[in-house]
Amino acid sequence: MAARRHRVGGVGVMIGLAFLGLWTLAVLLPFAWTVLTAFKTEREMRSAPFDWPVALGGGQTERGVFDNFSQAWDKLDFELYFRNSVTVVGVSLILILLVAAPAAYALARLKLPGRRVLLLYLMTGLMIPAQLILVPLFFQYNTWSAWLTAGLEGPLRLVGYQAPEVSLHDSFPGLILIYVATSLSFSVFVLTNFFRSLPTELYEAGIIDGCSEWQAYWHVMLPMARSGLITVAIFNFIWLWNEYLFALVFIQDASRRTLPLGLAALSIQAGYRSGGRVDAGVLFAGLVIVMLPTLVVFLLLQRRLVRGITIGAVKG
Amino acid sequence: MTQRDRQQRRFAVVCVTPAVVLFTLWVGWPTVRAFTYALTRWSGFGEPTYVGLRHFYKLLAGSDLLQIALKNNLILMVVPTVFTLGIALSFAAAIHRGVIGARFFQAVFFFPNILSAVAVAVLWKLVYSASEYGALNAIMRYLGRAETGWEPLDGLLWHLRTSGTGIGWVDAALQTVLRTEPYMFTDSRVLVWWLIPMLVWSAVGFFMLLFLAAMQNIPETLYEAARIDGASALRSFFQITLPLIRDTVVVALVFFGMAGLKIFDQVWVFEQQQARRESNTIATLMYARIFEEYRVGEGTAIAVIQFVLVLVVTVILLRLWRREALEY
């Protein structure tokens, strides 16, 4: 912002500040309450819902400070869900970048007949709700799994192996492929714009110096596009880390749950009435475990995130 | 065609192929299939029977299930939008017009937006919870005198319903509002209304960012001129700021329209992963039809209706608002 802003007089600013302050409290208090409650025993939660947790006050407690957390982490398998989420999201992100970046590069910069049509085709995905493809995909996976099993049977029998039953259902590869494919439209869209904005001189110089197309892409263009790649990775991370519907449909086995599935399941077990099968404090701890990575990513990459959104907003 | 052009084209084909194949098999083809599924009756096993447009007739005219879901979606599209836009616009304007601490407020308000819908729903369910540790309940216990439950609120509402306030028109209004018995979020009939504070809470930050970014592109000279002409801050907002960020507001409306039409996670968590007739949205209705009742054709027809609505809402919003472009 080059121009100096014209500031409104005192009263207006004070009123504005007051409302902004109130909203800040409205946002932060639920989190503070969640974190504090996660350190409480069920009895404490009920008798003193807004007091400082005894466990954090250095007072005498009947159990450890992180009891709720360790229960969620060990007994309720949040460690497993966490690892599952990291695996699924991590592999998905790598694949998304590996598939989307070259496609975006080619569609933005290379001579390719019909590239506008191809770009438009990929962009249609931005309008298609997940719910529309959910069901066909579900039954498509039946067919594909059968094909895979049959296809593997011959070669494997030749080398003396019992052919395994291959299924895309209830498996990480199946879920990851869905995540990659459904992220493509957005990722290619952002990266195409990004590659278009890069200068051409370095590419030309590289080609003249005898780089192959591949080398020019990998050693020259891709490093220049780094910040675009990071932006795409962040937004996809947020989306995938939080994704619920696809995981709900495609993951059945409890050992393969991602964190959102685990949290939803725990919230149902704990219920909101007393006498749930799980101590309610554990639910608060689980909630904190789910929110923490998002908070870390947010704190580390907040400025980039904000910039990504505001650039998008200005471009419309 | 030179040697280099040929090389480039070959490389381009290699680059594009994985994305196009993946997209076609996992998104394009299922989209096409959805439209054919919607025309059949199928339990998911065996051969589907072709039934033409029967599902659509039945859904749109034959039962009120879809109507209830659509009503819920409509509420979730309109009400949170009004509140969020109002709050986000005024916050953005306040920061734009000189309130300090922009970076801090942006960061804090934005955070709930990147949390998973599941986590936010679980959090708010705990805030609303009727057990002793539920935050709202505990607050009311501190304020009131009752021992447990939502009794302070219960008592207040009961009192208002029975004895009223003594002011004629207020009582009449209260009677109308409170005559409908249920109001707890555990009652499916009113669940959507309980989702609204949560949706506003998590969305305000994102839209504040959008609006603020748009506002910061408005040339300062316009405000200077307005001030010299004696325009008040409020007037500058309505006459300068709002018209000039209209495009961004439209984008925000489209976002909201989409989110309201597709909402699933929050309802699903609040309803303990069960579809309920009164609180269904299009998405939960579809889910239940397919994965609980194995009515694949009908469920897909619901998804198709949703898709059409997404398109229609987007086009209408863009048409209504993009009539003229303002230059500055």
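In what follows, every chain begins at residue 1, and chains take the letters A, B, ... in the order their sequences are listed.
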*Would B:Phe109 and B:Phe91 count as a ring-ring contact (aromatic ring centres under 6.0 Å, His included) if you check the C-alpha gap in whole Å, the side-chain angles of each, and the deciding distance to 0.1 Å?*
CA-CA 10 Å; B:Phe109 296 1; B:Phe91 283 173; 5.5 Å; yes
*When you look at B:Trp42 and A:Phe139, which way does the ring-ring contact (aromatic ring centres under 6.0 Å, His included) test go after all the steps?*
CA-CA 11 Å; B:Trp42 191 36; A:Phe139 293 104; 4.6 Å; yes
_With side chain to side chain contact (heavy atoms under 4.5 Å, CB included) as the criterion, how do B:Ser43 and B:Val296 come out once you've worked through the C-alpha distance, each side chain's angles and the decisive distance to 0.1 Å?_
CA-CA 6 Å; B:Ser43 68; B:Val296 177; over 6 Å; no
*Determine, stepwise, if the pair A:Phe138 / B:Phe291 fulfils ring-ring contact (aromatic ring centres under 6.0 Å, His included).*
CA-CA 10 Å; A:Phe138 186 82; B:Phe291 297 105; 5.2 Å; yes
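For A:Ser212 and A:Tyr217, the side-chain atoms include no donor-acceptor pair closer than 3.5 Å. Counted by atom type alone, B:Gln266 and B:Lys125 present zero donor-acceptor pairs between their side chains at under 3.5 Å.
Both the backbone and the side chain of B:Phe307 have a heavy atom closer than 4.5 Å to some heavy atom of chain A. Only the side chain of A:Leu28 comes within less than 4.5 Å of a heavy atom of chain B; its backbone N, CA, C and O stay farther away. If you measure heavy-atom distances from A:Ala100 to chain B, you find no contacts under 4.5 Å at all. Neither the backbone nor the side chain of B:Ile282 comes within less than 4.5 Å of any heavy atom in chain A. For a residue to count as touching a neighbouring chain, one of its non-hydrogen atoms must lie under 4.5 Å from one of that chain's; by this rule A:Ile178 touches chain B with backbone and side chain alike. Heavy atoms closer than 4.5 Å to chain B are found in the side chain of A:Thr34, but not in its backbone. Of the atoms belonging to B:Val254, not a single heavy atom falls under 4.5 Å from chain A. Contact annotation for A:Trp239: neither backbone nor side-chain heavy atoms come within less than 4.5 Å of a heavy atom of chain B. For B:Ile114, the parts lying under 4.5 angstrom from a heavy atom of chain A are both the backbone and the side chain. In this structure, chain B has heavy atoms under 4.5 Å from both the backbone and the side chain of A:Leu177. Proximity to chain B (any heavy atom under 4.5 Å) is restricted, for A:Ile207, to the side chain, taken from C-beta onward. For chain B, the nearby parts of A:Leu132 are the backbone and the side chain; heavy atoms of each come within less than 4.5 Å. Only the side chain of B:Trp268 comes within less than 4.5 Å of a heavy atom in chain A; its backbone stays farther off. Proximity to chain A is absent for every atom of B:Val32, based on heavy atoms less than 4.5 angstrom apart. Using a 4.5 Å cut-off between heavy atoms, B:Phe23 contacts chain A through both its backbone and its side chain. At a 4.5 Å heavy-atom cutoff, the contact between A:Val290 and chain B is made by side-chain atoms alone. For a residue to count as touching a neighbouring chain, one of its non-hydrogen atoms must lie under 4.5 Å from one of that chain's; by this rule B:Thr24 touches chain A with backbone and side chain alike. With a 4.5 angstrom heavy-atom cutoff, B:Gln273 touches chain A via backbone and side-chain atoms both. At a 4.5 Å heavy-atom cutoff, the contact between A:Gln131 and chain B is made by backbone and side-chain atoms alike. Contacts of B:Phe105 with chain A are made by side-chain atoms alone, with heavy-atom separations under 4.5 Å and no backbone atom involved.
In this pair, B:Phe206 and B:Phe255 present their aromatic rings perpendicular. The plane angle is above 60°, beyond the 30 to 60° band.
Between chain A and the residues B:Pro112, B:Ala135, B:Ala283, B:Ala38, the most heavy-atom pairs under 4.5 angstrom are made by B:Ala135. When A:Ile133, A:Leu184, A:Thr124 are compared by the number of non-hydrogen pairs under 4.5 Å with chain B, A:Ile133 comes out ahead. Your options are B:Met258, B:Gln306, B:Arg10, and the one with the most heavy-atom pairs under 4.5 Å with chain A is B:Gln306. The candidate from A:Phe235, A:Tyr105, A:Phe19, A:Trp241 with the greatest count of non-hydrogen atom pairs under 4.5 Å with chain B is A:Phe19. Residue with the most contacts toward chain B among A:Ala104, A:Ala216, A:Ala265, A:Pro113: A:Pro113 (heavy-atom pairs, distance under 4.5 Å). Your options are B:Cys15, B:Ala252, B:Ala303, and the one with the most heavy-atom pairs under 4.5 Å with chain A is B:Cys15. Ranked by heavy-atom pairs under 4.5 Å with chain A, the first of B:Ala94, B:Ala34, B:Ala117 is B:Ala34. In terms of heavy-atom pairs under 4.5 Å with chain A, the best-connected choice from B:Thr300, B:Thr17, B:Leu25 is B:Leu25. Among the candidates A:Leu118, A:Val249, A:Leu107, the residue making the largest number of heavy-atom pairs closer than 4.5 Å to chain B is A:Val249. When A:Leu29, A:Val180, A:Leu248 are compared by the number of non-hydrogen pairs under 4.5 Å with chain B, A:Leu248 comes out ahead. Most heavy-atom pairs under 4.5 Å with chain B: of the set A:Pro129, A:Ser187, A:Ala106, this distinction falls to A:Pro129. Heavy-atom pairs under 4.5 Å with chain A peak, among B:Val16, B:Leu115, B:Val20, B:Val27, at B:Leu115.
Taking CG of A:Leu287 as the reference point, atom OG of B:Ser116 lies at 8.5 Å (rounded to 0.5 Å).
Side-chain contact between B:Arg227 and B:Tyr223 is absent, with no heavy atoms from C-beta onward closer than 4.5 Å. Two residues are said to be in side-chain contact when any heavy atoms from C-beta on lie closer than 4.5 Å; B:Thr314 and A:Met127 meet this criterion. Residues A:Phe246 and A:Thr182 have side chains in contact (heavy-atom distance under 4.5 Å, counting atoms from C-beta outward).
For the side-chain contact (heavy atoms from CB on, under 4.5 Å) test with B:Met215, the passing option among B:Leu210, B:Ile95, B:Ile245 is B:Ile245; the others fail.
For B:Tyr287 and B:Phe264, the gap between ring centers is short of 6.0 Å. A ring-centre distance under 6.0 Å is not found for B:Trp201 and A:Trp23. Aromatic ring centroids of A:Phe284 and A:Trp33 lie under 6.0 Å apart.
The salt bridge (charged side-chain N to carboxylate O under 4.0 Å, His left out) contacts involving residues 99-109 of chain A comprise nothing, where partners must be two or more places apart or lie in separate chains.
The side chain to side chain donor-acceptor pair (under 3.5 Å) check on A:Tyr203 picks up A:Glu213, B:Gln8, with sequence neighbours excluded.
Surrounding OH of A:Tyr121 are more than 12 heavy atoms belonging to other residues, nucleotides or ligands, all under 6.0 Å away.
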